[in-house]
Amino acid sequence: MTAQSLQGPAEQYKPGLPRPGALLRAASDAIPPSGLVLLAILSVQVGAGFAKDLFSQLPPSAVVFLRIAMGALVMGVVARPRLKGLTRLDVGLGAAFGVTLGVMNLSFYEALARLPMGIAVAIEFLGPLGVAVAASRRRLDLLWVGLAASGVVLLAPWGATGSRISWAGIAFALVAAVCWAGYILLSAAVGQRFPGTTGLSFAMIVSFLLIAPVGIGTGGADLLQPELMLIGLGVGLLSSVIPYSIELEALRRMPKQVFGILMSLEPAVAALVGLLVLGEVLQVREWAAIGCVVVASVGATRSSR
């Protein structure tokens, strides 16, 4: 689909009136880049909130399948991947990128099913934090590592009975964190070998093929319910397509370090969305743990320049 086909015939617009594309660009230019980053974070977390709300009707693996299927469909239309001209190494990296993306989403949703949203995101955020620390190599980074570790220690259900925080949930969130670190590293490599956003589109198709057997097997005929499919489309747009587009625009207009610092607010935003959308009230200790991860992420991002 070309940009011209999206705009439609030129004669249907009166001379002097701005085109829809120009209106969208003007709207994005009117929002400061920091506001765009916050919008992207909010979009991701609201999408996660809607996804978790679906767990009462579908298992997490089926919800992941809906999200990835809808995201792959939209990205495949917007940026159709082409294998012509790519080497085996290029395709292998793209496939590894897709597998990492699929496992990351599946692990995160399994963590969401066992943990409050803010806590799951805080633990998952150890992935990009680890990448930032590894890129810095300063002694001060030991402080950020210790601070993040303190946050996880505060969250762990040491000897607690009937706790809403489970070791299984923490384990799934840690797997998602490792995958997020791999996602960051692989996205840089794939971005150099695939033109535009076709690398992400290819990865989402691979991720769809990986998750489909599990998602269809657990979701079954319920996946065909129109209401659930519509919600799945919304989750895919909010969690993947919309924030990715917004982040690209924000990165075009602001330094990467500032972008990373603002992204460090994601665990706190997740906790607020969990409170407002899902009614998840966190304890003071849990807020303190999330604060440790946020401060550690900000510190590591500032020192990695």
Side-chain angles (χ1 to χ4, degrees), residues 43-74 98-127 155 157 163-183 203-241 243 266-267 269-271 273-280 282 286:
S43 177
V44 169
Q45 299 310 324
V46 170
F50 286 157
K52 183 168 184 176
D53 195 46
L54 276 180
F55 291 169
S56 60
Q57 303 176 66
L58 290 172
S61 55
V63 178
V64 172
F65 169 71
L66 277 178
R67 169 187 168 172
I68 292 179
M70 298 304 177
L73 176 63
V74 174
V99 170
T100 302
L101 179 65
V103 176
M104 178 179 71
N105 281 286
L106 181 59
S107 301
F108 177 66
Y109 276 38
E110 291 290 350
L112 271 185
R114 297 165 172 83
L115 302 172
M117 252 185 67
I119 293 174
V121 173
I123 297 175
E124 187 196 29
F125 218 78
L126 297 178
L155 292 173
S163 174
R164 58 179 176 169
I165 300 177
S166 68
W167 286 108
I170 292 176
F172 277 117
L174 288 174
V175 172
V178 173
C179 290
W180 195 353
Y183 174 88
M204 293 195 74
I205 293 174
V206 172
S207 179
F208 165 76
L209 295 175
L210 175 70
I211 298 298
V214 180
I216 295 174
T218 57
D222 290 337
L223 291 169
L224 299 178
Q225 295 184 30
E227 179 184 356
L228 297 183
M229 294 180 66
L230 184 61
I231 298 176
L233 174 61
V235 170
L237 291 174
L238 288 169
S239 301
S240 301
V241 180
E266 194 158 351
V269 175
V273 171
L275 174 63
L276 298 176
V277 176
L278 302 171
E280 296 177 342
L282 300 183
E286 295 166 344

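Here the CG atom belonging to Asp53 is positioned 12.0 Å from the CG atom belonging to Leu112, to the nearest 0.5 angstrom. Interatomic distance, CG of Leu210 versus CD1 of Ile205, reported as 14.0 Å (0.5 Å rounding). The structure places CG of Leu238 at 10.0 Å from CZ of Arg67, a figure rounded to the nearest 0.5 Å. To the nearest 0.5 Å, the span separating OH on Tyr109 from CZ on Arg114 amounts to 15.0 Å.
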Sequence neighbours excluded and cut-off under 3.5 Å, please list the side-chain donor-acceptor pairs for residues 225-237, or say none.
unit_1 : atom_1 : unit_2 : atom_2 : d
Gln225 : NE2    : Asp222 : OD1    : 3.3

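Across every non-hydrogen atom of Ala181 and Gly127, the tightest pair is CB-O, 3.7 Å. Taking both residues in full, the closest heavy atoms of Leu278 and Met117 are given as CD1-SD, 3.8 Å, listed atom of the first, atom of the second, then distance. Shown here for Gly98 and Ser207, the closest heavy-atom pair between the two residues is O-CB, 3.4 Å. The minimum heavy-atom distance between Phe108 and Ala48, with the atom names listed, is CE2-CB, 4.4 Å. When all heavy atoms of Ala62 and Thr218 are compared, the closest pair comes out as N-OG1, 3.7 Å. Across all their heavy atoms, Ala113 and Phe55 have their closest contact at N-CE1, 3.7 Å.
Using a 4.5 Å heavy-atom cutoff, the side chains of Ser61 and Ile211 are not in contact. Residues Phe172 and Leu106 have side chains not in contact (no heavy-atom distance under 4.5 Å, counting atoms from C-beta outward). At least one side-chain heavy atom of Tyr183 sits less than 4.5 Å from a side-chain heavy atom of Leu101.
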So Ile119 and Leu282, side chain to side chain contact (heavy atoms under 4.5 Å, CB included) or not? Walk me through it.
CA-CA 9 Å; Ile119 293 174; Leu282 300 183; 4.3 Å; yes
Glu286 vs Glu280, side chain to side chain contact (heavy atoms under 4.5 Å, CB included): CA-CA, chis, key distance, verdict:
CA-CA 12 Å; Glu286 295 166 344; Glu280 296 177 342; over 6 Å; no
